[in-house]
Amino acid sequence: MKIRTKLILSMSVLLVFILLFLLAVTHIQFYISRDYAYREDKAVFEALRQEFERYYAEHGGSWEQVGAAEFKRTRGFAEVLLYVDGVPLYRQGRLGVDELRNEGYKLAIFSGERKVGRLYVMNDKQYKTYEFKKMWYGILPAIGRASLLFTCAAALLTIFLLSWRLTRPIRRIIQGIEGVKKGARDVSFPVRRKDEFGAISRALRDMNESLANAERARKQLLSDVAHELRTPLMIIQGELELVQETGDTLSPAKQSSILDEVLRLSRLVNEVLDLSKLEAGMNELRPEPENLAALLEDVAEKTRFLAEDKQILLTIHGAEDEILVKAEKPRILQALYNLLTNAVYYTNSGGRIQVSLDREWHPDKHQQYARIRIEDSGVGISAADLPHIFDRFYRADHARARPTGGTGLGLAIAQQNVLVHQGWIDVQSEAGQGSVFTVYLPIHPSSSEPKGKNLHP
Ligand code: ADP
């Protein structure tokens, strides 16, 4: 059933209830006002009752001739009926006996303890209210029919307008979704509304924004990759065209420059592939308990010759005890390798690099973390570059190219590798003051406790 149909049905039922309620109110109101009139003029009612009781007593306990008698108290009453044992004995007024018995106010007549008759009365006020009720009942069917027609028409119109208004946000939301489907840029949802439609709209707007961001990032990545591929390809193409044009053979220097570019290309392609797999969470993590000190030694071994080439002093301080992390070895190795080779690359000859491993308790996470600090005395990173260094293809100094050419993907890959292990990387650096990269990884519970110091609270 459509929302509009449901609304029309429920409003119609409501209308019928309102009419029935009005009828009931009129009915009840008459009886209330009838009793209220008695309470207001109680003395007059009681005087009338006493006059009839006196008549009964003065006529030797009999109602004989009462129909022709004169009662002076009846003057203030529009209707008076004396009813004894099913027979009307005295009557004043215009209403029928049964009508008055149903609608009049009842007063019992006593002789001592014995009830000897009943008076049905209406004073002028009560009679007027009764007339109003009768009139209301008389014209009610006509009013009812006319007003029913009128209210139904008005209600239908109102319901139509109301339902049109109520369903407007739904139509706007549907329009918005259609817009998104067609790829429109400026899609508007009724986000300012305070009701559920507003909440849906905000959720849709956010979803649309994050989809648009993802799409932008995808396009950006594509153009970045194309841009990165172009330079080495152009160099290779230029060298080969020159050889073709001149017919010369390639000098060993040219050969090695082409090989450098090819290596750079293949590293770039591998890193882009690595990163996109990591970001898409494509490879399921198969972690094993790994000894971090051993992993660090492994990475240091691979980078030591690079450091020695630049006369950089590389020192490693392992933890006193074994620190195990649950990790996929190649990923952690890749993260540490990227950080350590960066430290070497961005440290001038004669500098130093210190790597240390220890543990740290994080009360907010209720978890102990392994902390690997890679501190270098290198060129440092300016405050303007610092927030961006983990972005893909970001290089603080675009003019500086490494001998093999930095891709600007190393830190992004390192960070993704650490993130998939529920860790994170911190960086502290200032231009010219060296840098400290700190990797945090959750410690595997089976690690041995640190000797002599208790890091658990
Ligand atoms: P790249 O391939 O250019 O090294 P990365 O993603 O590894 O790309 O690093 C991004 C940028 O962060 C680098 O271009 C460099 O400017 C800066 N950076 C990274 N590590 C260091 C470091 N240890 N010292 C100074 N700058 C660094």
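Values reported hereafter were calculated over all heavy atoms of this structure, with side chains retained and with hydrogens, waters and symmetry mates removed. Order of listing sets the numbers, starting from 1, for every ligand and every atom in it. Positions are given from 1, in the same order as the sequence printed here.
Between Leu324 and Pro289, the closest heavy-atom pair is CD1-CB, 4.5 Å.
Looking at Gly408 next to ligand 1, an N or O pair under 3.5 Å apart turns up.
Scanning Val436, Leu411, Asp376, Leu339 for the heavy atom closest to atom 9 (O) of ligand 1 points to Leu411. When Asp391, Asn342, Ile381 are checked for heavy-atom proximity to atom 7 (O) of ligand 1, Asn342 turns out nearest. Distances from atom 3 (O) of ligand 1 to the heavy atoms of Tyr346, Phe393, Tyr345 put Tyr346 nearest.
Under the 3.5 Å distance criterion, with hydrogens and angles disregarded, no donor-acceptor pair is assigned to the side chains of Gln354 and Asp376. One side chain, Asn213 or Arg216, offers a donor N or O that lies under 3.5 Å from an acceptor on the other.
Every residue two or more places apart in sequence or in another chain that forms a salt bridge (Lys or Arg N to Asp or Glu O under 4.0 Å) with Glu99 is listed here: Lys134. By the side-chain contact (heavy atoms from CB on, under 4.5 Å) test, Thr129 is found to be paired with Phe30, Ser33, residues two or more places apart in sequence or in another chain being considered.
The shell of residues lying under 4.0 angstrom from ligand 1, judged by heavy atoms, excludes Phe390.
Note on ring orientation: taking the six-membered ring where Trp is involved, the planes of Trp424 and Tyr440 are parallel (angle under 30°, cut-offs 30° and 60°).
Atoms of ligand 1 found under 4.0 Å from any heavy atom of Gly410 (numbered from 1 in listed order, with element): 5 (P), 6 (O), 7 (O). Residue Tyr394 approaches ligand 1 through these ligand atoms, each under 4.0 Å from one of its heavy atoms: 10 (C), 11 (C), 14 (O). Set against the non-hydrogen atoms of Ser435, the atoms of ligand 1 under 4.0 Å away are 22 (C), 24 (N), 25 (C).
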